[in-house]
Amino acid sequence: MAEREPNAHQFTLDEALGIDTAGFMDLEIPEYAYMFGFLQADGHLSQQSRQRGRLTVEINVRDIDLLRRFQELTPHKSSITERTRSTNFTETSHTALWSLYSLEARTKLNRGSTKSGCAPLLSGLPVLEA
């Protein structure tokens, strides 16, 4: 088998699909800095086998515009869903859930921002094993 050249570029799925992720989560951009802090406080990470997993945020449906803005800022495919359920605090809770599945996005978030010197984003999130 031929060996790979040391400087050979490996294409990612996002590059193959033509998705520009160069500025994603650059914490010098105020919107990403806000998103970073919000995900630290309210984000949830679940990890599964074979590099599967997701990053989710669930908030009251009245704040769904914030999740839509996160979706616009994220160059990776994500989804927003709504659900109504009973909780320990109320009989009817109507929430919005933003889910991001992209391994490349989760990997970039996990690396943190090298420019800002911040710790990796996902290192502070609760991890739910499936």
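Model, not experiment: these values are computed from the prediction.
Between the side chain of Tyr101 and the backbone N or O of Arg52, no donor-acceptor pair lies under 3.5 Å. Under a 3.5 Å cut-off, the side chain of Thr87 and the backbone N or O of Thr90 do form a donor-acceptor pair.
Between Gly43 and Val57 the shortest heavy-atom distance is CA-CG2, 4.1 Å. Minimum heavy-atom separation, His76 to Ala105: CD2-CB, 3.3 Å.
No side-chain N or O of Trp98 forms a donor-acceptor pair with one of Thr56 less than 3.5 Å apart.
Under the ring pair (Phe, Tyr, Trp, His ring centres under 6.0 Å) criterion, Phe38 pairs with Phe70, sequence neighbours left out. Under the salt bridge (charged side-chain N to carboxylate O under 4.0 Å, His left out) criterion, Glu82 pairs with no residue at all, not counting sequence neighbours.
To the nearest 0.5 angstrom, His44 atom NE2 is 10.5 Å from Leu39 atom CG. Once rounded to the nearest 0.5 Å, the distance linking OG of Ser78 with CZ of Arg54 reads 13.5 Å. Here the NE2-OG1 distance, from His94 to Thr84, works out to 4.0 Å after rounding to the nearest 0.5 Å.
At a threshold of 4.5 Å between non-hydrogen side-chain atoms, the residues Arg69 and Glu31 count as touching. A heavy-atom distance below 4.5 Å is not found between the side chains of Lys77 and Leu100.
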Could you list the donor-acceptor pairs under 3.5 angstrom formed by side chains in residues 59-67, with sequence neighbours left out?
from  : atom 1 : to    : atom 2 : distance (Å)
Asn60 : OD1    : Arg62 : N      : 3.0
Asp65 : OD1    : Arg68 : NH1    : 3.1

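Hydrophobic clustering (ILVMFWY, side-chain heavy atoms < 4.5 Å, transitive): Leu103 and Leu45 are in distinct clusters. Leu97 and Ile80 fall into different hydrophobic clusters, where Ile, Leu, Val, Met, Phe, Trp and Tyr residues are linked whenever their side-chain heavy atoms come under 4.5 Å apart, directly or through other members.
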Go through the steps for Thr95 and Glu58 under the test side chain to side chain donor-acceptor pair (under 3.5 Å), then give the verdict.
CA-CA 6 Å; Thr95 59; Glu58 185 171 14; 2.6 Å; yes
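The number of heavy atoms from other shown groups lying within 6.0 Å of CD (Glu72) is above 12.
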